[in-house]
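Since the structure comes first, as structure tokens, the remarks are kept for the end.
Quick caveat: nothing in here was measured; it's all calculated off a predicted structure. The residues of the chain are indexed from 1 along the displayed sequence.
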Amino acid sequence: MAPIRLQAPSTQSLSQLSLLSQDTFARFGDVIENPAPSLVPSKDLKVTPPGAVLGNQGSALVYSDVSIPTDLGGTGKNVMRMFVCAPRSLQPSKDSSLAGILSITILERHPYTTQTFIPLGLSAAEAKETRYLVIVAPTLPPTLDDEHLPVPTKAKRGLPDIRNIEAFTANGSQAVTYGPGTWHAPMIVVGKKPISFVVTQAVSGVAIKDCQEVDWKAEKGREVVVAVPKEVRSNSLWTSKL
């Protein structure tokens with residue numbers, strides 16, 4: 001199925017990127033990461049982090065239900081794939097603090113299933129050189145334009161609110177789960193090298209149920225752009241002047 005063509009908004013510049021965390025991302029899905037990376041598991045631990053128990057004869061900390069796979073259709077097959085994502089080309093910026101500008105022209109959603117991206121072979125320490133962006137949008141109320149799209153419930157209807165897109169920056173120690181029906185950009189890697197992701201979701205085999213897309217034409221005065229910083233800051237919000 002071809003994407004639904006939307007009218008691009010008046011130029012919207014996302015100059016604030018939140019660091020990806022469960023708190024900042026909760027309304028769109030889950031963030032999976034070690035909540036206590038400096039803690040070495042040991043059978044001698046007297047107190048374990050919240051939600052963790054000792055396993056593997058005391059050599060591991062086990063966190064259960066860090067993200068719950070969901071199939072709202074009930075007939076999908078759980079699949080595990082690998083996406084090898086190359087770094088995106090960025091447009092140059094006059095701001096010396098930016099790596100460049102990224103134009104967003106497409107969003108997709110999986111109305112019946114969660115979708116989890118798990119990066120491989122990239123540590124948090126490499127975030128200055130290579131990282132990935134998580135770009136999502138809220139859902140608008142239903143309209144005639146989306147009534148032909150199959151959804152599990154009427155509450156899941158609606159096209160993306162591209163005037164309120166949000167962008168997050170993530171490092172290699174974080175996995176992300178998009179909740180069912182969450183509008184999001186295809187995976188975006190920025191930096192010096194590709195990132196391989198293990199991707200899990202339920203698939204029915206019916207294309208229009210498994211993935212729905214919208215796009216818009218970027219043109220002068222009507223586009224959505226993300227300002228990509230050169231460095232990842234330690235605070236929860238990064239701001240640039242475009």
Taking only distance into account, with no hydrogens and no angle test, what donor-acceptor pairs under 3.5 Å do side-chain atoms of residues 51-60 form with protein atoms, sequence neighbours excluded?
{"from": "Ser59", "atom 1": "OG", "to": "Asn56", "atom 2": "O", "distance (Å)": "2.6"}

Given side chains that start at C-beta, do those of Phe168 and Val176 come closer than 4.5 Å, heavy atoms only? no

d(Thr130 OG1, Ile195 CD1) to nearest 0.5 Å is 6.0 Å

Spatial distance of atom OG (Ser204) from atom NE2 (His110) [nearest 0.5 Å]: 12.0 Å

Considering only heavy atoms from C-beta outward, does the side chain of Asp161 approach that of Trp183 to under 4.5 Å? no

Applying side-chain contact (heavy atoms from CB on, under 4.5 Å), run through Ile188 and Ile104 and close with a yes or a no. CA-CA 10 Å; Ile188 295 170; Ile104 306 298; 3.8 Å; yes

Can Leu122 be reached from Leu133 by stepping across I, L, V, M, F, W or Y side chains whose heavy atoms are under 4.5 Å apart? no

Chi angles and distances behind the side-chain contact (heavy atoms from CB on, under 4.5 Å) call for Arg222, Gln7: CA-CA 9 Å; Arg222 305 192 70 87; Gln7 182 180 15; 3.3 Å; yes

Verdict with reasoning, Ser173 to Asn171, per side chain to side chain donor-acceptor pair (under 3.5 Å): CA-CA 6 Å; Ser173 70; Asn171 65 62; 2.5 Å; yes

Classify the side-chain pair Asp95/Ser97 by whether it contains a donor and acceptor separated by less than 3.5 Å. yes

Phe25, Leu107: one ILVMFWY side-chain cluster at the under-4.5 Å cut-off? no

Is there side-chain contact between Arg109 and Pro160, with heavy atoms separated by less than 4.5 Å? no

Using atom types as modelled and distance alone, determine if a side-chain donor or acceptor of Thr11 lies under 3.5 Å from a backbone N or O of Gly221. yes

Yes or no on side-chain contact (heavy atoms from CB on, under 4.5 Å) for Lys217 and Arg5, after CA distance, side-chain angles and deciding distance? CA-CA 8 Å; Lys217 183 179 180 180; Arg5 175 58 59 94; 3.9 Å; yes

Ignoring hydrogens, what is the shortest heavy-atom contact between Val151 and Arg157? Give both atom names and the distance. CG2-CG, 3.5 Å

Is there a side-chain contact between Gln201 and Val203, using heavy atoms and a 4.5 Å cut-off? yes

Can you confirm whether Met187 sits close enough to Phe83 that some side-chain heavy atom of one is under 4.5 Å from a side-chain heavy atom of the other? no

Donor-acceptor contact present, side-chain Gln212 to main-chain Pro150, <3.5 Å: yes

Output the distance between atom NZ (Lys209) and atom OG1 (Thr113), rounded to the nearest 0.5 Å. 12.0 Å

Minimal heavy-atom distance between Phe28 and Thr182, with the atoms involved, is O-OG1, 3.0 Å

Let me check something: do Val136 and Leu159 share a hydrophobic cluster, defined by ILVMFWY side-chain heavy atoms less than 4.5 Å apart, either directly or through other members? no

Side-chain heavy atoms under 4.5 angstrom apart, residues restricted to Ile, Leu, Val, Met, Phe, Trp, Tyr: same cluster for Tyr63 and Leu39? yes

To the closest 0.5 Å, what do you measure between CG (Asn164) and CG (Leu14)? 10.0 Å

Distance in Å, Leu17 CG paired with Thr169 OG1, rounded so as to fall on 0.5 Å steps: 6.0 Å

Glu108 side chain near His184 side chain, heavy-atom distance below 4.5 Å: yes

Kindly work out whether a path of hydrophobic side-chain contacts (I/L/V/M/F/W/Y, heavy atoms less than 4.5 Å apart) joins Leu140 to Leu6. no

Using side-chain heavy atoms (C-beta onward) and a distance below 4.5 Å, is Pro186 in contact with Arg88? yes

For a quick test of reading the model, state the closest non-hydrogen atom pair linking Cys85 to Phe197 and the distance between them. SG-CD1, 3.9 Å

With no hydrogens and no angle check, is any side-chain donor or acceptor of Thr70 less than 3.5 Å from a backbone partner on Ile68? yes

Counting N and O atoms only, with roles assigned by atom type, does the side chain of Thr200 sit under 3.5 Å from a partner on the main chain of Asn78, one being a donor and the other an acceptor? no

Counting only N and O atoms by type, is there a donor-acceptor contact under 3.5 Å from the side chain of Asp210 to the main-chain atoms of Gly205? yes

For the residue pair Val84 and Pro194, what are the closest heavy atoms and their distance? CG1-CB, 4.3 Å

Closest non-hydrogen contact found for Tyr132 with Leu20 is OH-CD2, 4.4 Å

Can you name the nearest heavy-atom pair linking Ala167 to Val226, along with the distance? CB-CG1, 4.4 Å

Measure from the side-chain N and O atoms of Asp71 to the backbone N and O of Gly76, and report whether any donor-acceptor pair falls under 3.5 Å. yes

Might you work through the side-chain contact (heavy atoms from CB on, under 4.5 Å) test for Val66 and Asp30, ending with a clear yes or no? CA-CA 8 Å; Val66 293; Asp30 298 319; over 6 Å; no

With a sphere of 6.0 Å drawn around CE of Met82, does it hold more than 12 non-hydrogen atoms of other residues, nucleotides or ligands? yes

Compare all side-chain heavy atoms of Leu45 with those of Leu61 and state whether any distance is below 4.5 angstrom. yes

From Leu72 atom CG to Thr153 atom OG1, the distance as rounded to the nearest 0.5 Å: 7.5 Å

